[in-house]
Protein chains: 2
Amino acid sequence: MANSASGDSVVDRVVRVIEAFPEGADALQLSELAERSGLPLSTTHRLVRQLAGHGLLELGVGGNVRLGLRFWELVSRNSPALALRQAAMPFMEDIQQVLKQNVNLGVLEGWEVLFVERLSRRGSVANRARVAGRMPVHISSAGLALMAHQPQTVQAEYLTQFHDPAGKVTAGVVRQMLAETRRQGFAELAGVVDPDTWGIAVPVLDGGKRAVAALGVVVPLAEVRLQALVPALQTAARGIARQLAEPGGFRSTESV
Amino acid sequence: MANSASGDSVVDRVVRVIEAFPEGADALQLSELAERSGLPLSTTHRLVRQLAGHGLLELGVGGNVRLGLRFWELVSRNSPALALRQAAMPFMEDIQQVLKQNVNLGVLEGWEVLFVERLSRRGSVANRARVAGRMPVHISSAGLALMAHQPQTVQAEYLTQFHDPAGKVTAGVVRQMLAETRRQGFAELAGVVDPDTWGIAVPVLDGGKRAVAALGVVVPLAEVRLQALVPALQTAARGIARQLAEPGGFRSTESV
DNA sequence: CGGCCCGTTTCCATTCAATGGTAGGGCGGC
DNA sequence: GCCGCCCTACCATTGAATGGAAACGGGCCG
């Protein structure tokens with residue numbers, strides 16, 4: 001009953017608060033935030049007020065809280081995500097204008113794909129990928145493209161821990177999909193994400209042939225022209241890779 | 001010589017650290033970060049390690065620090081910036097395809113414009129606006145469009161505090177520009193940002209005729225066809241406004 | 001090869017900021 | 001009008017945050 005009954009530091013708690021915002025929710029009640037973050041109401045209240053004081057959170061009328069523009073600004077302006085995005089955007093737009101369909105760009109984060117950018121025209125087919133959203137590796141073409149071009153050790157580790165909550169897919173199946181993806185140089189996933197759509201993705205490779213990102217499209221199942229599509233994607237991916245190689249470009253996560 | 005010699009809380013310090021990243025810098029030395037944030041080295045080191053533990057920062061090889069993808073993810077996925085962007089993107093792409101030039105989207109933050117999105121084709125003219133970057137209100141067409149459609153009280157307050165560091169522009173001149181912008185319904189700025197470019201922007205108005213964002217383009221000074229351009233922008237701006245009005249849409253900053 | 005310099009990392013006694021239970025206030029619903 | 005819910009404010013307690021100092025590491029120069 002003193003400094004932190006739960007034994008975590010102030011930083012931990014701030015992170016808890018930020019992480020408590022569920023994806024897609026724009027505003028939360030203070031009490032709800034407290035519950036979600038697992039912190040006492042008093043503590044949450046104090047932290048929120050402090051963060052709001054810096055503009056990182058914005059306080060609405062009745063104690064409702066949302067993330068502030070300032071926070072987005074601070075974090076975005078130096079994020080590797082932005083650098084990657086900037087390098088890729090022109091190529092993504094080219095692809096999109098030719099195909100008139102969804103284009104997306106993802107990176108590997110944990111054992112999931114994190115989508116950094118998505119272009120979708122009105123009228124294009126549904127696309128589950130959301131900007132700053134995640135998807136499991138094994139049910140997204142971008143995920144397969146990324147994982148198939150990771151070092152063997154990483155792939156092995158991924159397959160070891162792999163577990164499908166639905167219990168439908170086994171690690172063996174995923175291994176085969178990865179092998180096939182690697183062999184082809186691109187990933188395809190028909191009707192998995194959505195019954196009527198086809199996902200296709202190619203890796204963006206760095207100097208060491210490691211995938212730092214994946215460039216993908218989602219097209220209607222009917223009109224798939226792989227012969228035209230894949231080369232276009234691969235060309236774009238090379239362009240992105242070249243752009244990244246330039247000074248100040250994006251480097252993949254090289255943690256300690 | 002105990003808890004915070006400088007009298008600021010842990011939250012304050014975390015913010016200081018994040019803010020210490022200068023725009024565009026992808027990695028910082030720990031010592032540099034400590035100096036920039038004005039914190040003792042030990043403290044900076046401890047905070048950085050904690051944040052890195054949560055993936056918000058990433059530690060490079062020799063104590064160099066950068067923002068983590070996870071941070072971008074957490075902050076982006078619920079940011080009003082993303083909501084606004086999502087509503088605006090399709091319209092921005094339309095505009096861009098017709099004009100083949102830069103399109104940008106900004107909001108008012110403090111007394112500056114914060115650019116939330118920018119589309120730029122290769123080959124289009126230079127554009128100072130960077131995503132998550134800022135520009136002064138009075139030297140950006142987006143800024144004028146935004147400020148000209150704020151409540152009178154806000155405009156008055158802005159003009160009162162206005163001060164051009166270069167000393168060239170007076171508040172009176174800005175007032176006139178705002179009036180002209182308001183009269184016309186769009187802002188134009190020729191050769192100010194860049195000598196050979198023309199910036200044009202229109203406000204995205206909410207129900208109360210208040211500008212929540214500004215949609216702008218940057219075109220070469222030579223080929224300006226206002227008659228075609230402005231209506232196109234205004235149409236797009238209305239489309240964005242309509243999209244925002246939908247449930248879950250972007251609401252402008254309504255602080256306490 | 002050795003010494004030096006510079007930056008990162010670890011250690012630890014001091015102390016005040018963080019904590020959170022409790023109480024007050026305001027709004028809406030029954 | 002009464003009750004319940006939620007935000008806000010208060011305040012004694014105490015352990016987490018602090019930062020100077022020293023150890024560590026590695027790259028450069030003499």
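Quantities reported herein were computed from a predicted structural model and do not represent experimental measurements. Naming: A, B, ... by sequence-line order, numbering from 1 per chain.
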Quick one: does A/Thr43 reach the base of C/dG20 with a side-chain donor-acceptor pair under 3.5 Å?
no
Nearest-Å distance, CG (A/Asp12) to C1' (D/dA16)?
12 Å
Would you say the side chain of A/Asp12 lies within less than 4.5 Å of the side chain of B/His54, judging by non-hydrogen atoms?
yes
For A/Leu39 and C/dG21, give me the distance from atom CG to atom P, rounded to whole Å.
12 Å
Between A/Arg49 (CZ) and C/dG20 (P), how many Å, whole number?
18 Å
Looking for any heavy atom pair under 4.0 Å, which part of the strands does A/Arg46 touch: base, sugar-phosphate only, or nothing?
base
Does the side chain of B/Val11 reach to within under 4.5 Å of the side chain of A/Leu51, using non-hydrogen atoms?
yes
Starting at CD of A/Gln50 and ending at P of C/dA17, how long is that distance when rounded to a whole Å?
12 Å
Under 6.0 Å from the CZ atom of B/Arg182, do we count more than 12 heavy atoms belonging to anything else shown?
yes
If you only use heavy atoms from C-beta on, which nucleotide in D/dA9, C/dA18, C/dT19 is closest to the side chain of A/Arg13?
C/dT19
Close N/O contacts between protein and nucleotides 3-7 of chain D (under 3.5 Å):
unit_1, atom_1, unit_2, atom_2, d
D/dC7, OP1, A/Leu30, N, 2.9
D/dC7, OP1, A/Ser31, N, 3.3
D/dC7, OP2, A/Ser31, N, 2.8
D/dC7, OP2, A/Ser31, OG, 3.1

Between B/Glu157 and B/Trp111, is any pair of side-chain heavy atoms under 4.5 Å apart?
yes
Neighbour count above 12 (heavy atom, 6.0 Å) for A/Glu23 CD:
yes
Determine whether B/Leu57 and B/Arg66 make a side-chain contact, defined as any pair of heavy atoms from C-beta on separated by less than 4.5 Å.
no
B/Leu47 CG to D/dA16 C1': how many Å, rounded?
13 Å
